[in-house]
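Structure, as structure tokens:
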Amino acid sequence: KELPAREWTLLVQDTDKYVPELARLLDRFRFIPNWRIDDLMVSYATDGGGVGPHVDAYDVFLLQAQGFRRWAISTEAHFDAGIPGLDLKQVRDFVAQQEWLLGPGDMLYLPPGVVHEGTAVGDCLTFSIGFRVPSDAEMLADLAGLLIGKTEQSARFSDPELRDSSDDPGLISHAVMQRLRKRLRALLAVDSDMLDEWFGRFITEPKPWLHVTPPRRKLTATQMKQSLETRGLARDDATNLSWMQTSGVTLRLFADGRCHVLPSRLAALAALLCRQHAFPNTLLRKYLRDAAALQVFTDLYNAGTVRLE
């Protein structure tokens, strides 16, 4: 079936994971931490095309790449999120408060919660840089999974002080609830160290359709050292890397939901791996005598996070 001549649009998410030039464009937005940047979505629309008035729960930059698009916004909060089943939160009864016509090179920033509608004026191409804001429900669900995994599956709540309840068999006693509250609070207790590692893993976990492919042949640390004598590394654009200082002697490097514990002397290396996409061997050579650095290069390569160049 042929598409109509006008009033339609095509949205393509995560284009930065597949097009290196678009991934480099995202580098201009690294004033925001890696873990907050979600993706670069490309929107192609014919004349009059758009997705209707909607609202996002995150910050977004709208960069006009080709053609023209008219944007209308409203900060009114009295709207209804409509059309169940769609990730896009479209709104009803939208009345524009302000409008702009964006041409190539123009950019519009929208804070979370601002209702906006973009309409193509002729054929156009718009880049949308969106930031990640995990919901409380998402974080609680993932953290609960971690706690369940660390809980002894055979352990059960017991009532060793059970008393005769023939007078009132339907009563859940105060004593029982005291023991239950104490037990559950102990099971839900999360110390700072566990919470730090959980968050780093959680926030760098790639989307299900973006998992990188490990190499067919894994390398040992010795083989990696030999390779880096003449070759460099490059990071796959689909990967997520962040790092965290954990104590005076260690740090954590998070890569695609995995955690690598490194000595604090490698803080500059952790920052470098998270900041750049390409690492020539002249940049890495000074680390080849450091066993911990060499091991993290090897682990990242064997997981598919980096490749040899």
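Excluded from the calculations below are hydrogen atoms, water molecules and symmetry mates; all remaining heavy atoms, backbone and side chain alike, are included. We count residues from 1, following the sequence as given.
- The nearest pair of heavy atoms linking Leu262 to Ala292 is CD2-O, 4.2 Å.
- Hydrophobic clustering of Ile, Leu, Val, Met, Phe, Trp and Tyr side chains at less than 4.5 Å, counting indirect connections, unites Ile203 with Trp198.
- A donor-acceptor pair is defined here as one N or O able to donate and one able to accept, closer than 3.5 Å; no such pair exists between the side chain of Thr126 and the backbone of Gln64.
- Here the CD atom belonging to Glu99 is positioned 12.5 Å from the CH2 atom belonging to Trp71, to the nearest 0.5 angstrom.
- Under the 3.5 Å distance criterion, the side-chain polar atoms of Thr15 are matched with a main-chain donor or acceptor of Leu40.
- Contact detail for Arg217 and Tyr301: the closest heavy-atom pair is O-CE2, 3.9 Å.
- Under a 3.5 Å cut-off, the side chain of Gln97 and the backbone N or O of Thr75 do form a donor-acceptor pair.
- By the 4.5 Å heavy-atom criterion applied to side chains, Leu143 and Phe202 are not counted as neighbours.
- Dense packing is recorded around CG of Asp191, with more than 12 heavy atoms of other residues, nucleotides or ligands lying under 6.0 Å away.
- No hydrogens or angles considered: nothing links the side chains of Trp100 and Asp106 as a donor-acceptor pair under 3.5 Å.
- A distance of 11.0 Å separates CZ in Phe297 from CG in Leu308, rounded to the nearest 0.5 Å.
- Hydrophobic clustering of Ile, Leu, Val, Met, Phe, Trp and Tyr side chains at less than 4.5 Å, counting indirect connections, keeps Leu110 apart from Phe94.
- Side-chain atoms of Thr119 do not come within 3.5 Å of backbone N or O of Gly48 as any donor-acceptor pair.
- Atom CG of Leu22 sits about 5.0 Å away from atom CZ of Phe127, to the nearest 0.5 Å.
- Here the side chain of Asp237 pairs no donor or acceptor atom with the backbone of Tyr18 at under 3.5 angstrom.
- Aromatic ring orientation, Phe31 versus Phe29: tilted (interplanar angle from 30° to 60°).
- Note: Phe61 and Phe131 have perpendicular aromatic rings, judged against thresholds of 30 and 60 degrees for the angle between ring planes.
- Between Phe254 and Trp35, a ring centre-to-centre spacing not shorter than 6.0 Å is recorded.
- A 4.5 Å side-chain heavy-atom check between Arg28 and Ile129 finds every atom pair outside the cut-off.
- Of the possible donor and acceptor atoms, none in the side chain of Asp38 sits under 3.5 Å from a partner among the backbone N and O of Arg132.
- Judged as a side-chain hydrogen bond (donor to acceptor under 3.5 Å, both in side chains), the pairs with a partner in residues 248-272 (not counting sequence neighbours) are, in order, Asp193-Arg252, Thr246-Thr250, Ser247-Thr250, Asp256-Thr305, Arg258-Thr305, Arg265-Asp290.
- Between the side chain of Thr46 and the backbone N or O of Trp8, at least one donor-acceptor pair lies under 3.5 Å.
- Between Ala270 and Leu251, the closest heavy-atom pair is CB-CD1, 4.0 Å.
- In the hydrophobic clustering of ILVMFWY residues, with side-chain heavy atoms under 4.5 Å counting as a link, Phe199 and Ile148 come out apart.
- Between the OG1 atom of Thr222 and the NZ atom of Lys225 there is a distance of 8.0 Å, given to the nearest 0.5 Å.
- In terms of heavy atoms, Leu272 sits closest to Leu283 at CD2-CD2, 3.7 Å.
- Side-chain contact between Leu187 and Leu147 is absent, with no heavy-atom pair separated by less than 4.5 Å.
- At a threshold of 4.5 Å between side-chain heavy atoms, the hydrophobic network of Ile, Leu, Val, Met, Phe, Trp and Tyr places Ile73 and Val51 in two separate groups.
- In the displayed structure, Ile172 atom CD1 is contacted under 6.0 Å by at most 12 heavy atoms of other residues, nucleotides or ligands.
- Residues Asp236 and His277 form no side-chain contact, since every pair of their non-hydrogen atoms from C-beta on lies 4.5 Å or further apart.
- Counting heavy atoms from C-beta outward, Arg69 and Leu62 have side chains that stay 4.5 Å or more apart.
- Salt bridge status for Arg201 with Asp142: absent, with no side-chain N to carboxylate O gap under 4.0 Å.
- For the pair Arg235 and Leu300, the minimum side-chain heavy-atom distance is 4.5 Å or more.
- Distance check: Glu309 CD to Leu228 CG gives 11.5 Å after rounding to the nearest 0.5 Å.
- Between Met224 and Leu233, the closest heavy-atom pair is SD-CD2, 4.4 Å.
- The nearest pair of heavy atoms linking Asp59 to Tyr109 is OD2-OH, 2.5 Å.
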